[in-house]
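My structure is below; once you've seen it, I'll send some questions.
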Amino acid sequence: MTTKLSNAQIAWRAAQDIPDGAYVNLGIGFPEMVAKFKPEGREVIYHTENGVLDFGEAPPAGEEDWDLINAGKKPVTLNPGASFFHHADSFAMVRGGHLDVAILGAYEVAENGDLANWSTGPGSVPAVGGAMDLVHGAKRVCVITDHVTKKGEPKLVKKCSLPLTGVGCVTTVYTSLAVIDIVNSRFVLREKLPSMSIEELQAVTGAELVIDGPVGDLIVPEV
Amino acid sequence: MTTKLSNAQIAWRAAQDIPDGAYVNLGIGFPEMVAKFKPEGREVIYHTENGVLDFGEAPPAGEEDWDLINAGKKPVTLNPGASFFHHADSFAMVRGGHLDVAILGAYEVAENGDLANWSTGPGSVPAVGGAMDLVHGAKRVCVITDHVTKKGEPKLVKKCSLPLTGVGCVTTVYTSLAVIDIVNSRFVLREKLPSMSIEELQAVTGAELVIDGPVGDLIVPEV
Amino acid sequence: MNKVYPGIEDALADIQDGMSVMIGGFGGSGAPIELIHTLIDRYRKTGSPGNLTVINNNAGNGAVGIAAMIYAGMVKKMVCSFPRSSDPKAFTDKYLAGEIELELVPQGTLAERIRAGGAGIPAFYTPTSYGTLVAEGKPVAEFDGRMYVQERWLKADVAIIKAELADTKGNLTYNKAARNFSPLMAMAAKLTIVQARKIVPAGGIDPEHVITPGIFVDRIVEVSDPKQEEVLLREGVQA
Amino acid sequence: MNKVYPGIEDALADIQDGMSVMIGGFGGSGAPIELIHTLIDRYRKTGSPGNLTVINNNAGNGAVGIAAMIYAGMVKKMVCSFPRSSDPKAFTDKYLAGEIELELVPQGTLAERIRAGGAGIPAFYTPTSYGTLVAEGKPVAEFDGRMYVQERWLKADVAIIKAELADTKGNLTYNKAARNFSPLMAMAAKLTIVQARKIVPAGGIDPEHVITPGIFVDRIVEVSDPKQEEVLLREGVQA
């Protein structure tokens with residue numbers, strides 16, 4: 001297998017597609033990294049499930065206010081123009097289609113847009129948080145993920161084998177190897193690492209990659 | 001027919017049954033008069049549909065703030081401890097059962113608690129406002145009304161002939177002649193004017209008056 | 001990000017024939033008079049926007065605001081709870097002549113339908129109107145032994161509302177009971193246009209005091225000395 | 001009218017075995033630590049209140065707050081969206097041993113179900129969880145060409161929440177993101193008990209800034225220097 005993007009590079013690539021003025025929810029963990037790579041000059045307003053709009057970076061150590069946290073329970077700060085609201089209003093923003101972009105992680109994404117990212121099946125403690133709401137709310141639901149599992153198995157599949165988070169909800173997948181839109185229940189390849197052939201990419205993808213228009217080079221700086 | 005209570009006296013009688021600390025909504029028009037007769041020493045918190053809790057009396061002429069009105073579009077003032085909220089929260093208070101008492105007018109009340117108070121039938125412009133919400137929200141839904149129509153016909157009936165505001169919703173009726181609870185879909189007579197016999201009262205009532213326990217004297221001061 | 005528009009005309013430019021328009025206010029409290037009358041002026045000059053469906057608690061009073069829209073002939077249909085007022089002639093005459101449609105919605109149901117529209121809830125159940133004419137044709141269901149009516153969300157192409165303060169990112173406060181339906185309408189419309197008494201920089205409103213977060217607001221214009229419908233009525237403004 | 005209770009024990013006295021208890025907070029933000037631990041103290045002394053159904057976004061962290069309730073053995077069932085935390089041992093061990101029940105509810109659905117409980121809406125439809133395990137057994141319906149899941153209201157016997165300011169009539173404000181579920185829970189419980197950092201006279205909160213109107217609040221106690229769950233966790237408080 002050829003080289004692949006680091007998580008930071010995947011996050012960087014996803015960040016480039018967030019337009020100026022967008023309202024964005026970043027999932028807990030890996031997706032939070034996307035905020036670091038906001039292009040200069042763009043203004044992005046971040047929403048967190050627990051009732052803050054327009055929060056900023058983490059405060060310096062020692063200056064945490066534990067009443068001012070994000071959905072990951074990490075302390076944040078406020079940008080000018082921030083606001084507080086209760087959980088029902090927060091999810092009105094989500095479910096009502098007011099967010100422009102939500103970025104989540106994934107265990108599996110199916111070619112019809114089904115997402116599995118909350119449960120690895122029986123035996124563990126299930127925990128869903130806001131993911132099932134987010135995938136049906138935001139105008140664009142983006143997944144950032146390694147292209148394959150640690151065992152090398154495809155995460156982009158014909159049909160998810162793990163419990164679903166949402167049905168037909170993913171619009172774009174940013175992986176360590178490619179950028180793929182989901183259009184009419186097919187994986188449409190938009191960009192791939194230049195070092196990799198389409199055949200090589202197809203070999204590590206669990207469903208057909210459709211070519212519809214030019215396939216760009218996925219070129220990401222060291223970050 | 002014997003003497004009867006004035007509207008002010010009906011309002012006075014209804015006011016006596018509002019307990020200290022109650023949250024109360026008074027319908028537009030005649031029911032608004034109930035506020036005038038709050039017994040000394042009791043605190044009553046008034047709710048208005050358009051998003052104010054704990055409003056007070058009308059301001060002096062010339063001091064009206066037309067952004068501070070009640071559901072009847074009349075200017076009001078605020079008591080200490082007042083609050084503003086939007087219409088969905090206002091009707092969450094109503095529908096969610098948070099009001100202790102709602103007092104409304106009526107065209108007809110049926111013995112099963114059905115209320116007709118919003119439409120006199122085809123040919124007019126229908127207007128319902130918050131009445132249909134109030135009758136299903138407050139813990140006690142009280143009607144204040146003349147006992148009979150201007151033509152002398154019963155307003156307390158077996159079955160409403162006019163379009164309903166709500167089904168089985170009225171708990172107590174304060175009329176110009178009597179106080180009547182609705183219990184198990186029957187009119188139970190609680191008080192009547194002392195000058196009137198039960199038979200005389202029955203004669204102007206469109207459904208059976210049930211006697212269940214002592215019938216008190218409806219005695220109201222000149223107000 | 002700056003949602004401020006210099007002129008009312010520009011801010012309203014995308015309101016077109018046949019649209020559904022939520023208009024904030026309860027009677028004169030919160031009525032965005034300057035937005036409404038700028039729209040009327042355009043209609044009188046250009047014949048557009050007409051055929052509007054207007055959503056408000058009421059159906060106009062006297063000859064100002066929504067009543068003036070009705071007199072001008074812009075309104076095809078009213079969705080409201082209480083099409084009565086101290087002077088309801090504008091609506092009443094057209095309604096009785098069959099020249100304007102009415103969808104009568106109980107006030108709490110109207111508020112909740114608008115909130116549902118903004119919150120992505122396509123339908124909900126309420127006890128309100130069960131067993132009445134207003135519920136005719138609507139699905140009913142029993143929950144915990146009580147009967148309820150199914151109501152659908154209500155959305156609109158545009159909301160025009162009046163705020164007290166707005167910051168440049170669209171965060172809003174309201175003045176007293178002028179809040180009423182406006183925070184809900186801001187959520188439920190594709191395009192939300194606000195006239196604010198004062199526009200302040202982002203950060204000029206305490207985050208704890210924001211009533212409508214900016215995510216629900218698209219365009220803001222400052223109208224620093226807004227007219228009060230009730231005052232105009234008392235001054236006897238004519239159609 | 002004065003909803004102020006002098007002591008926490010008195011304010012909590014009506015919480016009994018088997019009740020459902022909504023507890024405000026999202027992680028440590030807004031968690032009413034003093035109310036919770038007073039309840040735990042009573043349970044340790046008297047064996048009551050036990051068998052509780054606790055409703056919160058999470059299922060406790062470390063050995064403080066809800067985690068301490070679970071360790072104490074008071075909790076029969078958790079209703080939550082995310083029973084994970086940096087130290088979820090209290091819940092995880094009991095859950096995997098079959099000693100505590102879990103009703104897992106997506107976070108937005110949890111919030112909306114609680115609001116619905118407070119607003120008299122017995123059921124509503126949401127796209128959330130459609131086609132997933134979480135929706136199994138729930139009615140579904142199509143609206144405007146899209147599928148939705150029917151969710152029911154969620155009410156409770158008691159809500160215990162943390163506020164910033166309370167006035168004597170029960171009007172509340174919150175501190176920053178500590179607001180989260182608390183305004184909804186105050187609406188949805190038969191009895192709402194509040195610990196406020198400061199109690200002010202009626203009129204001491206601007207009517208425009210009230211977040212929870214007093215109608216939703218029954219009892220208030222002042223806890224002027226409330227503990228922060230997250231700080232206690234970092235200090236290493238043990239079960």
Side-chain angles (χ1 to χ4, degrees), chain B residues 28 48-53 55 64-76 78 82-97 112 114-116 118-119 121-137 160 162-169, chain C residues 26-30 57-59 61 80-86 88 91-92 95-96 102 104-112 114-116 118-119 126-135 146-148 162 164 174-185 211-212 228-231 234:
Chain B
I28 296 177
T48 181
E49 290 93 314
N50 54 314
V52 191
L53 199 62
F55 63 92
E64 298 88 354
D65 178 340
W66 294 104
D67 279 348
L68 181 54
I69 59 175
N70 65 14
K73 318 260 166 34
K74 299 207 187 86
V76 296
L78 297 179
S83 56
F84 297 113
F85 34 85
H86 62 52
H87 249 86
D89 282 349
S90 180
F91 280 88
M93 294 176 191
V94 172
R95 204 190 301 103
N112 68 345
D114 287 1
L115 172 67
W118 71 283
S119 169
S124 63
V125 177
V128 62
M132 285 193 183
D133 304 281
L134 282 161
V135 297
H136 287 299
C160 293
L162 290 169
L164 294 185
T165 307
V167 172
C169 54
Chain C
F26 181 89
S29 172
N57 186 65
N58 304 98
N61 192 7
C80 69
S81 89
F82 204 77
R84 265 184 223 152
S85 61
S86 56
F91 179 80
T92 302
Y95 178 74
L96 295 177
L102 170 65
L104 189 76
V105 185
Q107 194 172 144
T109 297
L110 182 62
E112 191 65 18
I114 297 170
R115 180 188 175 275
T126 173
T128 302
S129 91
Y130 176 74
T132 76
L133 287 177
V134 171
R146 192 171 169 192
M147 295 303 297
Y148 295 88
K162 180 185 190 175
E164 174 65 10
Y174 302 89
N175 184 41
K176 305 187 182 77
R179 191 182 300 188
N180 55 68
F181 283 91
S182 297
L184 310 170
M185 291 175 169
I211 302 301
T212 293
Q228 211 338 315
E229 183 176 295
E230 196 68 36
V231 174
R234 274 147 211 270

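Here is how names work: the chains are called A, B, and so on, in the same order as the sequence lines, proteins then strands, and each is numbered from 1.
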Test side-chain contact (heavy atoms from CB on, under 4.5 Å) applied to Phe91(B) and Glu112(C), step by step: CA-CA 8 Å; Phe91(B) 280 88; Glu112(C) 191 65 18; over 6 Å; no
Out of curiosity, Thr128(C) OG1 to Leu134(B) CG, how far, rounded to the nearest 0.5 Å? 8.5 Å
Looking only at non-hydrogen atoms, find the nearest pair between Pro126(B) and Tyr95(C) and report the distance. CD-OH, 3.7 Å
Most heavy-atom pairs under 4.5 angstrom with chain C, which of Ala71(B), Ala131(B), Ala92(B)? Ala71(B)
Segment of Ser119(B) engaging chain C (4.5 angstrom heavy-atom cut-off): neither
Side chains of Arg146(C) and His136(B): does their closest heavy-atom pair fall under 4.5 Å? yes
What residue, out of Asn58(C), Val231(C), Asn57(C), has the most heavy-atom pairs lying under 4.5 Å from chain B? Asn58(C)
Just so I understand: if I count every heavy-atom pair under 4.5 Å between each of Ser129(C), Pro88(C), Gly27(C), Pro83(C) and chain B, which residue has the most? Pro83(C)
For Leu102(C), is it the side chain, the backbone, both, or neither that has a heavy atom closer than 4.5 Å to a heavy atom of chain B? side chain
What option among Gly129(B), Ala88(B), Gly51(B), Gly137(B) has the most heavy-atom pairs under 4.5 Å with chain C? Gly129(B)
Drop me the distance from Glu49(B)'s CD to Phe82(C)'s CZ, to the nearest 0.5 angstrom. 10.0 Å
Please classify the contact between Tyr174(C) and chain B as side chain, backbone, both or neither, with a heavy-atom cut-off of under 4.5 Å. neither
Tell me, for Thr48(B) versus chain C, whether the close heavy atoms (under 4.5 Å) come from the side chain, the backbone, both or neither. neither
Contacting moiety of Asp89(B), where chain C heavy atoms sit under 4.5 Å: neither
I need the residue from Gly108(C), Pro106(C), Ala111(C) with the largest number of non-hydrogen atom pairs under 4.5 Å to chain B. Gly108(C)
Among Pro127(C), Gly131(C), Ala59(C), Ser85(C), which residue forms the greatest number of heavy-atom pairs with chain B at distances under 4.5 Å? Pro127(C)
What one should report as the nearest heavy-atom pair of Thr132(C) and Met132(B) is OG1-CE, 3.6 Å
Assess, by modelled atom type and distance only, whether the side chains of Asp67(B) and Gln228(C) contain a donor and an acceptor separated by less than 3.5 Å. yes
Would you mind telling me which of Ala178(C), Ser182(C), Ala177(C) has the largest number of heavy-atom pairs within less than 4.5 Å of chain B? Ala177(C)
Is a donor on one side and an acceptor on the other found under 3.5 Å between the side chain of Arg179(C) and the backbone of Phe84(B)? yes
By a 4.5 Å heavy-atom criterion (distance strictly below it), what part of Thr109(C) contacts chain B: side chain, backbone, both, or neither? both
Is the ring pair His87(B)/Phe26(C) parallel, tilted or perpendicular, if the boundaries are 30 and 60 degrees? tilted
Under the 3.5 angstrom rule, does the side chain of Arg95(B) hit a backbone N or O of Thr126(C) as a donor-acceptor pair? no
Measure distances from Val94(B) to the heavy atoms of chain C and classify the residue's part below 4.5 Å as side chain, backbone, both or neither. neither
Here the pair of heavy atoms bringing Asn180(C) nearest to Asn50(B) is CB-O, 4.0 Å
